[in-house]
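Single-structure report; data block below.
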Amino acid sequence: MHLSVSVLLAVCLCWTETVHAFVPQQNNHHLQIQQQQPQNTQLYTEALEIPYGEESRKYRRTVYSHDDWVKHRSPDRFWNNLKTTTKSGIYKNVGREVVAVTSVSLLVMLWNMLTAGYTDLLGVDHPALIQSQYLPVLKLPMNPFTLSSSFLGLLLVFRTNKAYQRWDEARKNWGMNINHTRDLVRMGNAFYDSSQSTPSQRASDLDRLSKCTWAFVRSMKRHLSPEWEDEEDFRKELYERLPESQAKAILDAAHRPNRALYDLSLAIEQLPMHFIRKDEMHKALTIFEDNLGSSERLLTSPVPIFYNRHVARFLFVWHLFLPFALWDACKDSWNHYLMIPSTAILSLFMFGIEELATQMEEPFTILPMQAFCDKIGNWCNEIVSWEDGDNGIITKKSYDGHNSVYFEG
């Protein structure tokens, strides 16, 4: 028994080095990345050796249309999903772990063929090549795995639920941004007191409001995105859409979204309208600040690391010893070979569940934030282009100047 225990420990140690998907990166590595200032995004990403699973996150930023929903409900969806299994970034990320536990299953099968006998390809049974009381058959009862599977399931369910809640909260934050940017610009246009300005000044004020609104959400997107992915595009877009001085002020700020939000506050103050209406518009800015703070909390505070580590260790060790329990369960197959594909399939999908939670835990690099920002910019530009009477209907207004609220006659 001492020798069999030693063999088990040796197998575990042999594959410890292959397990990378569940091991958190060292803090020193993050510090080095933060200190680097890449001049070329492509060279920077190559230097980091970012795995495919990380690169594939950009392809998960889906914005559905009606046509996409039709495809989503297609009766062929199961077959189509099976065909793309080998292209999945989720499975590629856990490939080494699956190979590790499947290799253990293969080693257990080969060892037990030597110590318990085997059947050749012609169906002839052969006795054990190695017969010794110190070299027993490597197997375990199934009961410990049956009892522990429910606890492992609870850990994975909690892990995935919390990860999805984080994704859902981030998506709601951006939904609030979309709603209130449109609401803000709509109020700015409708409340604008044209009697206090010229048409050209009105167009300039509303254009500034639209651009400052877009600048905030774009700065928020950059704030929540990795530098190597978005910094270059962010600088380019700011200089294209904003005055150079304003773009530079945002880029030089220690907290760029705060600076963009300050510029938006000044753009609102520039609008000629009653102060009560300005207060209503400023309420949207408070919502923006709350969404930003909520998103920063999600970005900087993961699910407690010790919980993630325990789940990863439990999951890996559980699968590492599963082949020993499958030896008797697969006794009706040729040399118990079904234990190998059984281990591979179970580990692939169960490791995949944990990987799904890890991918959703940080939601911002899988949310289509760039698409949100582009739509916000387009919608804001369209809203400020509208004028009273351009639809053939003139609103009856009684302007008493921007220091008073007008009432319908």
Side-chain angles (χ1 to χ4, degrees), residues 15 17-25 41-106 156-157 159-161 163-164 166-168 170-171 224-226 228-230 233 302 308 311-312 315-316 319-320 322 338-372 374:
W15 291 108
E17 295 299 324
T18 66
V19 183
H20 299 291
F22 303 123
V23 180
Q25 298 294 326
T41 303
Q42 182 178 358
L43 294 178
Y44 184 58
T45 54
E46 291 177 356
L48 289 180
E49 297 182 356
I50 298 175
Y52 173 79
E54 190 68 24
E55 279 290 304
S56 65
R57 291 175 68 84
K58 66 179 67 173
Y59 304 116
R60 300 177 185 143
R61 301 165 189 171
T62 308
V63 179
Y64 262 32
S65 63
H66 290 292
D67 293 337
D68 294 315
W69 281 113
V70 171
K71 183 179 179 181
H72 185 78
R73 296 187 292 264
S74 170
D76 298 327
R77 61 187 182 276
F78 295 103
W79 173 244
N80 292 332
N81 289 334
L82 285 175
K83 288 193 300 182
T84 58
T85 299
T86 56
K87 300 178 182 178
S88 171
I90 295 294
Y91 299 144
K92 288 184 178 181
N93 257 21
V94 300
R96 286 172 292 188
E97 286 68 37
V98 174
V99 170
V101 297
T102 304
S103 299
V104 171
S105 179
L106 177 60
L156 289 175
V157 167
R159 179 90 168 85
T160 52
N161 280 349
Y164 176 78
R166 291 169 61 85
W167 179 91
D168 188 52
R171 180 61 183 88
L224 301 173
S225 300
W228 54 264
E229 178 184 314
D230 194 42
D233 293 337
N308 295 344
V311 174
L315 183 63
F316 187 77
H319 278 92
L320 198 63
L322 181 61
L338 284 180
M339 61 186 292
I340 298 176
S342 299
T343 301
I345 294 174
L346 285 173
S347 61
L348 179 68
F349 289 114
M350 292 192 70
F351 283 139
I353 293 174
E354 203 279 342
E355 179 66 17
L356 285 174
T358 302
Q359 293 291 324
M360 288 190 295
E361 189 177 0
E362 189 275 282
F364 300 107
T365 48
I366 58 175
L367 282 175
M369 296 189 295
Q370 184 62 48
F372 295 156
D374 293 341

Quiz item: Between CG of L348 and NE2 of H319, what distance do you get to the nearest 0.5 Å?
Solution: 9.5 Å

Exercise. Measure across E354 and L315 and return the closest heavy-atom pair with its distance rounded to 0.1 Å.
Key: CB-CD2, 3.8 Å

Quiz item: Ring centroid separation for H72 and W69, is it under 6.0 angstrom?
Solution: yes

Self-check item: Minimum heavy-atom distance T160-V157, with the two atoms named
Solution: OG1-O, 3.0 Å

Self-check item: Step-by-step side-chain contact (heavy atoms from CB on, under 4.5 Å) determination, Y164 to L356
Solution: CA-CA 9 Å; Y164 176 78; L356 285 174; over 6 Å; no

Exercise. Please answer whether the main-chain N or O of T358 pairs with a side-chain N or O of E355 as donor and acceptor at a distance below 3.5 Å.
Key: no

Quiz item: Quick one: does L346's side chain get under 4.5 Å of L322's, heavy atoms only?
Solution: yes

Exercise. Taking the side chain as every heavy atom from C-beta outward, state whether F316 and V101 have any pair of such atoms under 4.5 Å apart.
Key: yes

Self-check item: Separation between OG1 of T343 and CG of L338, rounded to the nearest 0.5 Å
Solution: 10.5 Å

Quiz prompt | side chain to side chain contact (heavy atoms under 4.5 Å, CB included) partners of A344, counting only residues at least two apart | solution = T102

Practice problem: First locate atom CZ of R171, then atom CZ of F364, and finally report the distance between them rounded to the nearest 0.5 Å. | Solution: 12.0 Å

Quiz item: Do W167 and L367 come within less than 4.5 Å of each other through their side chains, counting heavy atoms only?
Solution: yes

Exercise. Apply the test side-chain contact (heavy atoms from CB on, under 4.5 Å) to residues S225 and M369: give CA-CA distance (whole Å), side-chain angles for both, the deciding distance (0.1 Å), then the verdict.
Key: CA-CA 9 Å; S225 300; M369 296 189 295; 3.4 Å; yes

Quiz item: Is any side-chain heavy atom of V94 closer than 4.5 Å to a side-chain heavy atom of I90?
Solution: no

Quiz item: Counting distance only, does the side-chain N/O of T84 pair as donor-acceptor with the main-chain N or O of N81 below 3.5 Å?
Solution: yes

Exercise. Tell me, yes or no, whether the heavy-atom count around Y64 atom OH, taken from other residues, nucleotides or ligands under 6.0 Å, exceeds 12.
Key: yes

Practice problem: Output, in order, the C-alpha distance, side-chain angles, deciding distance and verdict of side-chain contact (heavy atoms from CB on, under 4.5 Å) for L156 and M350. | Solution: CA-CA 9 Å; L156 289 175; M350 292 192 70; 4.1 Å; yes

Exercise. Check whether any side-chain heavy atom of F351 lies under 4.5 Å from a side-chain heavy atom of N93, and answer yes or no.
Key: no

Practice problem: Would you check if R159 and E361 make a side-chain contact, meaning some heavy-atom pair closer than 4.5 Å? | Solution: yes

Self-check item: Main-chain N/O of S74 paired with R77 side-chain donor or acceptor, under 3.5 Å
Solution: yes

Self-check item: A357 versus A163, closest heavy-atom pair with distance
Solution: O-CB, 3.2 Å

Practice problem: Please examine the side chains of S342 and I345, heavy atoms only from C-beta on, and report whether any two atoms are closer than 4.5 Å. | Solution: no

Quiz item: Rounded to the nearest 0.5 Å, how far does CG of L320 lie from CD of E97?
Solution: 11.5 Å

Quiz item: Would you call K83 and N80 a side-chain contact if the rule is heavy atoms closer than 4.5 Å?
Solution: yes

